[in-house]
Amino acid sequence: MRDSRFNPLAADARWQARWEADGCFRANDASPKPKAYILEMFPYPSGRIHIGHVRNYTMGDVLARYKRMNGHEVLHPMGWDAFGMPAENAAMEKGVHPGGWTRDNIATMRAQLKRLGFALDWSRELATCEPAYYGHEQALFLDLLDAGLVYRKESAVNWDPVDMTVLANEQVIDGKGWRSGAPVEKRKLSQWFLRITDFAEELLDGLGALDDWPDKVRLMQENWIGKSEGLTFRFAVAGSAETVEVFSTRPDTIFGASFVAVAADHPLAQQIAADDADAAAFIERCKAGGTTAAEIETQEKLGFDTGLKAVHPLDANLSLPIYIANFVLMDYGSGAVMGVPAHDQRDLDFARKYALDVRRVVTGGDAAGAVFEGDVAFTGEGRVVNSGFLDGMDVVAAGKAVIARATAENWGEATTTWRLRDWGVSRQRYWGTPIPIIHCAACGPVGVPRDQLPVVLPEDVDFKTPGNPLDRHPSWSRAACPRCGGDARRETDTLDTFVDSSWYFLRFASQPADRPFDPEIVRQWLPVDQYIGGVEHAILHLLYARFWTRALARIGMIEVTEPFAGLFTQGMVTHETYKAGDGSWLSPGEVRKTGADYMRIEDGSPVALGRVEKMSKSKKNTVDPEPIVDQYGADAVRWFMLSDSPPERDLPWTESGIEGAWRFVQRLWRLFGERGDNGGADKPLAQKLHRTIAGVAEDIEALAFNKAVAKIYELANAIDKAAPSATRDDALETLARLVAPMVPHLAEEAWADMGMAGLIADAPWPEADPALLVDDEATIAIQVMGKLRDTMTLPKGQSKDAIEAAALARDKIVAFIGDATPKKVIVVPDRLVNIVL
RNA sequence: GCGGACGUGGCGGAAUGGUAGACGCAGCGGACUUAAAAUCCGCUUUCCAAUUGGAAGUGCGGGUUCAAGUCCCGCCGUCCGCACCA
């Protein structure tokens, strides 16, 4: 007996058990079917599933199920990005072990995910914090080391001088340590780096072929890699044999140079500081503050005049003061720049502050005087002036002329500089992949032999004091040198967690016990056909994963060079915020809406409605999916995640939205129960049905789920209104298949109830009949002077003249035009007529 | 500061340069009901007329075009990233 209401609690569990028992979503490596690798960015096991995860995985799930119905062998795996700082923070705050905390979270979140009915191949689940994963990562690291793609160098970190510990950028708040409150300093440490810059050119070129990536992400990566061509040249230091090498992308402005600035850690600055206490004090001052680009670029630009002068290579009479400046980065170019204030805003600000010359050397108009006025630099294109042999040239020609001259006279050469820096992977933390290196006083750093992998994290660590527990561990770091057998010390830094996420998609494809992956199986599955995740990963994670893949390809381990053929960046889930009278944030559960007003349930006091914002613990506007699944079932939650908002944009979570989704699930259930063959055909309904089949397929493939949802609503409305007919029964059976990727439990229940054989998950996607997709009539808009005045319906394919005549004969149009003679009539066949008077 | 995106009714949004507001939510009115829930029907950009109509309208200011939400220039606002959050 069919229930009048759909009972999700029973149906969800029943079908989830059935899918699991049948092994429906296990990917078969040996399948002859075309493959589809659908992947969502794996979650960090922070505690509980967040609504944002639900949205992310629902999108991938719709695609995975849709691809299955279209005859693909689908790989849709799930795992855990399980290393990271929050586990250590939990250890410090709650005294729990990071491993236990992480594994408990994974268990909770796995159970939560399973209740949503995702078509995942759980047999391939992995967690990066398990030696079975990170041991292989250590082997890959050693492979890259052997290939010369790993090296050590000094690099600055945020140092908390009170807690005596390295801080992550997010632990630096307003320049102070988050716990100690002490002003943060830069400190240099010897750290491991991966040579991503060796791949700069190919990472840049490779973007061109990623047609299924959003243009914005490609553009962001291109800018991040930051290829710039220019001139590297040397200034002689007056009265010394020293030179200062600078890089400039604007050699055309070389005659406008009025100072040279070097980084605080530039060798010249260090040399000066050795016997100039003021210079040393300034350099010390430059160490204040954190290491982030945003911090460095927004802090006050400060300079120290070293008293030294640089000799201009093209005019020996020009001598330029040499400054040490806090905004020049040692990591970029040569760590020194020429300052051309008239044509660079930062240089102009600096020159005005220190009263330096500002010479105009490019003009966009008539102004050609050598003295540049004002505080806005001219950075546009133009004609070069006040520049000797360059006068009159455009900036491009002048740049080339300067490079030619520098090359001929041997004081400079054309160079390509990259903004991209090598990837520092050392972290002074416990909860990460141990770097498999042993430091020997005699042999230097030596890789741990492969047969001693994995280097396993010790469990007995304490978090009572800040800093890296591995470093303090009484015995773990003691080891014998693999080369000479002498006493040596293990590397106590761990790898950046971005390394873990740079190859997990390979391990999902294939996970043998004795090596990272089987190249043959990787070849079958890779690249990922559709990768889905947040835009916040547009640069770093995606660039690192692209690099890691190329690095493995270069050393011959795999063939694929681009890991993600298709990329989609989805928006966040947001929610209203609520503020109590005392200014504190309130959670949605503490607030009740009555009419247009909000009040606090506890005491009835008024509540102010804040902005709709990204869900965050601090603003208490989070929504836990689990109770919502309890109340409405997985399908209503999934449907809501797909409705309304375009997936690349933010989705505001609302109570009424989930209720609307719930009502629609119930409405579908009622509709599905209305089948009963009454014979007869219904052509308009058949047309609607087949247009919906084609439209929904197109929308799902474009990941435009909100549009697919709208089309399904329209079809449901049409079926609802249609009189009983064979077409209507057919439409209901087809509708079940159309919604199956989105609301799979309901679809299975309805499918069984209709008496259909097998699982709807295995049913084929319906085919649209092309004959029913075309319309034989067109509604044509009639505009007069671009304004809509009338519409008419004509058979499709009329001639322009016929359409024009019909339009001009309409009563309303005749009335509008009056005595005037149309100057021009524009006809867009089957669409529109515009009469110009 | 630098790089990237986004901005359309009360709300989420739709719209190959060609009828702005599909579809959903909320709201209002009605039907059913002893009542409520559920369900069903209708209305719902704003302003003026009060039926037929007309005007304005896609963050702001310009521009291109027969025609601009869509293309171009300049602003404003919001969001994302900036290399140790993941």
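To find a chain, count down the sequence lines: A is the first, B the second, and so on, and within it residues start at 1.
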Mind checking if [X] touches a base, just sugar-phosphate, or nothing, with heavy atoms under 4.0 Å?
{"X": "A:A294", "answer": "base"}
{"X": "A:F664", "answer": "nothing"}
{"X": "A:H537", "answer": "base"}

*Between protein and nucleotides 41-53 of chain B, map the contacts as a letter string: B base, S sugar-phosphate only, - none, heavy atoms under 4.0 Å, written 5' to 3'.*
-------------
_Per-nucleotide protein contact string for nucleotides 7-29 of chain B, where B marks a base within reach and S marks sugar-phosphate only (heavy atoms under 4.0 Å, - for neither)_ = S----BSSSB-BB--BSSSS---
Return the nucleotide paired to [N]: Watson-Crick means purine N1 to pyrimidine N3 with N6-O4 or O6-N4, wobble means G-U with N1-O2 and O6-N3, both under 3.5 Å.
{"N": "B:rC6", "answer": "B:rG77"}
{"N": "B:rG1", "answer": "B:rC82"}
{"N": "B:rA67", "answer": "none"}
{"N": "B:rC43", "answer": "B:rG27"}

With [atom1] as the reference atom in both, quote the distance from [N] to [M] in angstrom, rounded to an integer.
{"N": "B:rG69", "M": "B:rU45", "atom1": "C1'", "answer": "14 Å"}
{"N": "B:rA36", "M": "B:rG29", "atom1": "P", "answer": "13 Å"}
{"N": "B:rU78", "M": "B:rA83", "atom1": "P", "answer": "23 Å"}
{"N": "B:rA14", "M": "B:rG24", "atom1": "C1'", "answer": "11 Å"}
{"N": "B:rC76", "M": "B:rA38", "atom1": "C1'", "answer": "48 Å"}
{"N": "B:rA15", "M": "B:rC23", "atom1": "C1'", "answer": "12 Å"}
{"N": "B:rC6", "M": "B:rA86", "atom1": "C1'", "answer": "24 Å"}
{"N": "B:rA26", "M": "B:rG17", "atom1": "C1'", "answer": "34 Å"}

Quick test of your reading of the model: are [X] and [Y] salt-bridged, counting only N-O distances below 4.0 Å?
{"X": "A:K301", "Y": "A:D349", "answer": "no"}
{"X": "A:D720", "Y": "A:R667", "answer": "yes"}
{"X": "A:E777", "Y": "A:K796", "answer": "no"}

What is the ring orientation for [X] with [Y], classed by angle as parallel under 30°, tilted 30 to 60°, or perpendicular over 60°?
{"X": "A:Y531", "Y": "A:Y504", "result": "tilted"}
{"X": "A:W423", "Y": "A:Y544", "result": "parallel"}
{"X": "A:H343", "Y": "A:F378", "result": "perpendicular"}
{"X": "A:H53", "Y": "A:Y57", "result": "parallel"}
{"X": "A:W503", "Y": "A:Y133", "result": "parallel"}

*Could you check A:T622, A:I51, A:V623 and say which one makes a side chain to side chain contact (heavy atoms under 4.5 Å, CB included) with A:H575?*
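Running side chain to side chain contact (heavy atoms under 4.5 Å, CB included) over A:T622, A:I51, A:V623 with A:H575 returns exactly one hit, A:V623.
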_N-glycosidic conformation, B:rG9 - syn within 90 degrees of 0, else anti_ =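 Chi for B:rG9 falls in the syn range.
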_I want to check one thing: is the phosphate of B:rC82, taken as OP1 and OP2, less than 4.0 Å away from some side-chain N or O of A:N169?_
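So the side-chain polar atoms of A:N169 never come under 4.0 Å of the phosphate oxygens OP1 or OP2 of B:rC82.
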*Is A:K787 near enough to B:rA56 that one of its side-chain N or O atoms lies under 4.0 angstrom from OP1 or OP2?*
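True: A:K787 side-chain N/O within range (under 4.0 Å) of B:rA56 OP1/OP2.
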_Using a 3.5 Å distance criterion without hydrogens, assess whether the side chain of A:E295 forms a donor-acceptor pair with backbone atoms of A:G290._
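A pair under 3.5 Å: yes.
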*Ignoring hydrogens and angles, tell me if any N or O in the side chain of A:R187 forms a donor-acceptor pair with the backbone of A:N158 under 3.5 Å.*
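No.
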Could you list the protein-to-nucleotides 70-77 of chain B atom pairs, N/O on both sides, closer than 3.5 Å?
none

*Sub-4.5 Å side-chain heavy-atom contact between A:L651 and A:T574*: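 With C-beta onward as the side chain, the pair stays apart.
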*Would you please say whether a donor-acceptor pair under 3.5 Å links the side chains of A:Q570 and A:E40?*
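Absent: no donor and acceptor within the cut-off.
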